[in-house]
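Presented below is the structure to which this report refers.
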Number of protein chains: 2
Amino acid sequence: MAVIRRLPRYYRYLADLLRVDIKRISSKELSERMGITASQIRQDLNCFGGFGQQGYGYNVETLYKEIGKILGVERRFTTIIIGAGNMGNALANYENFKKRGFDLIGIFDISPNRVGQYINGIEIMHMDRLEEFMKTHVVDIAILTVPSHATAEVAEKVAELGVKGIWNFSPQDLKLSHNVVIENVHLSDGLAVLGYRIKEMEEQEQKKKDKQN
Amino acid sequence: MAVIRRLPRYYRYLADLLRVDIKRISSKELSERMGITASQIRQDLNCFGGFGQQGYGYNVETLYKEIGKILGVERRFTTIIIGAGNMGNALANYENFKKRGFDLIGIFDISPNRVGQYINGIEIMHMDRLEEFMKTHVVDIAILTVPSHATAEVAEKVAELGVKGIWNFSPQDLKLSHNVVIENVHLSDGLAVLGYRIKEMEEQEQKKKDKQN
DNA sequence: TAGATTGTTAATCGATTAACAATC
DNA sequence: TAGATTGTTAATCGATTAACAATC
């Protein structure tokens, strides 16, 4: 799983290399660009098969395609967004998702102000219509951008209606009995860690200064 | 660092306990709620000091406050958002940040359509004014929600102007020579992993079915 | 053939879990 | 005092790094 979570990063770096027309790359050079060891790169890539060639390195295009295959980039996933607030809006407008195989097919909310409006060409529907919608469409992924107090209930509902994965943006952790894959985002956790690390850096700099005096 | 990244999660769970008026908790009970081992909880908490009491467990309020102290919740950080697109907008409107000690004091963009508008009571300024602004205000954290091609340049600039931390939402990894703490978010990496895990789950279910026939 | 670089095994490191004495 | 539960040490597990033979 540690390896899996690194794959999108490899994929990004390889895309960059393709863009500047670099045809081949050794684990050593890639390691310098990415700031990890060459050993780890070879180890990681070998989990999925021998994509390289001794004495040559890796063909960038081949490797890019192979990692894409592993990540399932060729496969398309249908998604719906539940919660058309600011975050839901931002995600609905994120063009990159479509490029990466994620098709937004529905947006839901409960606020009368929002229902009926369009985001990126998709009508915001009332939550009342969720069940009907999910029974007439295959929905792979539900993106939850609802207030935390509503998260558990909504998650339970989409799980029952057969969603395969949930991308959860509320600070509330999700636990479901159903057979559903969950990725929690927890943005504010990341911000908290950033704050901690700044505090730590400041303290170390203070110590340095104290030493000098 | 593995421990640090778990602290915000502990903090959230303790806040939940406080909310339902639970006064004390044992590592065992917390472990069941959080889905990690009691051993890990005791180990984690002991990195920062003996907050518990043998035979009793942990006092929820004390522990909550202690973890808050470690994370620097009492400290306030000033932040600016650069890039007032959909994501910048969503973050600017996220009330939780303020509660957690992060004060948004400026928003910047280059689009004439956006400059001059207000988000959450804060005027969007043109990037031209960034330098002047940062010389007259202490800015702890820059939140970057600019298009990826602009990220490196903007990051370099705020680093030079003395920012202490960068919260980067562009898919582009940031590398800086300056003494700046960086947290990359890479939302689409998370989505890619979600896709992978769904694919994997489907394959396993398929195998199960094949076995049955 | 010689040089380069992989694939892969073995060694190291760090993080998690288990166990239990200390003590409230 | 007896029971509960921590703090902490030791054991285990997994992930990262080093090393090198295989081979392009």
Side-chain angles (χ1 to χ4, degrees), chain A residues 1-11 13-14 17 22-67 69-71 173 184 189 193 196-197 200, chain B residues 1-11 13-14 17 22-67 69-71 173 184 189 193 196-197 200:
Chain A
M1 191 38 103
V3 182
I4 298 299
R5 293 202 175 276
R6 277 195 292 271
L7 286 184
R9 187 147 180 269
Y10 285 122
Y11 198 65
Y13 273 84
L14 289 165
L17 292 173
I22 292 176
K23 304 287 190 210
R24 63 172 220 181
I25 193 152
S26 68
S27 57
K28 181 155 178 292
E29 204 190 323
L30 189 56
S31 80
E32 280 155 15
R33 284 170 185 262
M34 296 184 65
I36 53 179
T37 65
S39 214
Q40 178 158 75
I41 292 174
R42 294 203 298 279
Q43 193 78 278
D44 282 357
L45 297 180
N46 247 59
C47 291
F48 302 100
F51 303 135
Q53 201 171 71
Q54 281 103 329
Y56 172 89
Y58 298 88
N59 177 292
V60 176
E61 197 178 341
T62 311
L63 189 56
Y64 177 77
K65 279 185 186 158
E66 288 293 343
I67 294 182
K69 256 190 230 164
I70 298 162
L71 283 173
D173 276 335
N184 292 302
D189 285 12
V193 172
Y196 172 87
R197 290 175 59 201
E200 214 184 25
Chain B
M1 190 39 101
V3 183
I4 298 299
R5 293 203 175 273
R6 275 194 294 271
L7 285 185
R9 187 148 180 268
Y10 286 122
Y11 198 66
Y13 273 84
L14 290 166
L17 292 173
I22 291 175
K23 304 288 188 207
R24 63 173 223 181
I25 193 152
S26 68
S27 57
K28 182 156 178 293
E29 203 189 325
L30 189 57
S31 79
E32 281 156 12
R33 284 171 186 263
M34 295 183 66
I36 54 178
T37 65
S39 213
Q40 178 159 72
I41 291 174
R42 293 204 297 279
Q43 193 77 277
D44 282 355
L45 297 181
N46 248 59
C47 292
F48 302 99
F51 303 135
Q53 201 171 70
Q54 283 102 329
Y56 172 90
Y58 299 87
N59 178 293
V60 176
E61 197 178 342
T62 311
L63 189 56
Y64 178 76
K65 279 184 185 158
E66 288 293 343
I67 293 181
K69 255 189 233 165
I70 298 163
L71 283 173
D173 276 334
N184 293 302
D189 285 13
V193 173
Y196 173 88
R197 291 175 58 201
E200 215 184 24

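From a predicted model like this one, the values you see are computed outputs, not experimental measurements. Any value given below was found using the heavy atoms of this structure, including those in side chains, with hydrogens, waters and symmetry copies removed. All chains are named by letter (A, B, ...) in the order of the sequence lines, taking the proteins before the strands, and each is independently numbered beginning at 1.
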For this session: Report the C-alpha separation of B:Ser31 and B:Thr37 in whole Å, then their side-chain angles, then the decisive distance to 0.1 Å, and conclude whether the side-chain contact (heavy atoms from CB on, under 4.5 Å) test is met.
Result: CA-CA 5 Å; B:Ser31 79; B:Thr37 65; 5.7 Å; no
For this session: Please report the C-alpha distance between B:Tyr58 and B:Gln53 in whole Å, then the side-chain angles of each, then the deciding distance to 0.1 Å, and finally whether the side-chain contact (heavy atoms from CB on, under 4.5 Å) criterion is met.
Result: CA-CA 6 Å; B:Tyr58 299 87; B:Gln53 201 171 70; over 6 Å; no
Problem set entry | Audit row: A:Lys23, A:Glu61, side-chain contact (heavy atoms from CB on, under 4.5 Å) steps and yes/no | CA-CA 7 Å; A:Lys23 304 287 190 210; A:Glu61 197 178 341; over 6 Å; no
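Between the side chains of A:Asn59 and A:Tyr64, no donor N or O sits under 3.5 Å from an acceptor N or O. Side chains of B:Tyr11 and A:Asp189: no donor on one and acceptor on the other come within 3.5 Å.
With a 4.5 Å cut-off on side-chain heavy atoms, A:Ile36 and A:Tyr10 count as touching.
Among the protein residues, B:Thr37 comes within range of the sugar-phosphate backbone only, with heavy atoms under 4.0 Å from sugar or phosphate atoms but none that close to a base. When heavy atoms are screened at a 4.0 angstrom cut-off, B:Ser26 is found touching the sugar-phosphate backbone but no base atom.
Nucleotides of DNA chain D nearest to A:Gln43 and B:Ala38 differ in position, and the one nearer the 5' end is that of B:Ala38. Along DNA chain D, the nucleotide closest to A:Gln53 and the one closest to A:Asp44 are compared, and the more 5′ of them pairs with A:Asp44.
The stretch residues 54-64 of chain A touches DNA chain D through A:Gln54, A:Gly55, each having a heavy atom under 4.0 angstrom from the strand.
The cationic atom of B:Arg24 (NZ for Lys, CZ for Arg) lies less than 6.0 Å from the six-membered ring centre of B:Tyr56 and within 45° of the ring axis.
Helical stems in DNA chain D, defined as runs of 3 or more consecutive Watson-Crick or G-U wobble pairs with donor-acceptor distances under 3.5 Å: C:3-24 with D:3-24.
The existence of a salt bridge linking A:Glu200 and A:Arg197 is excluded, since no basic side-chain nitrogen approaches an acidic carboxylate oxygen closer than 4.0 Å.
The span of DNA chain D lying next to chain A, judged by atoms under 4.0 Å from heavy atoms, is bounded 5' to 3' by D:dT16 to D:dC24.
Summarising the geometry of A:Tyr13 relative to A:Arg33, their closest heavy-atom pair is CE2-O, 3.8 Å, with the distance given to 0.1 Å. Residues B:Phe51 and B:Phe48 share a closest heavy-atom pair of CZ-O, 3.5 Å.
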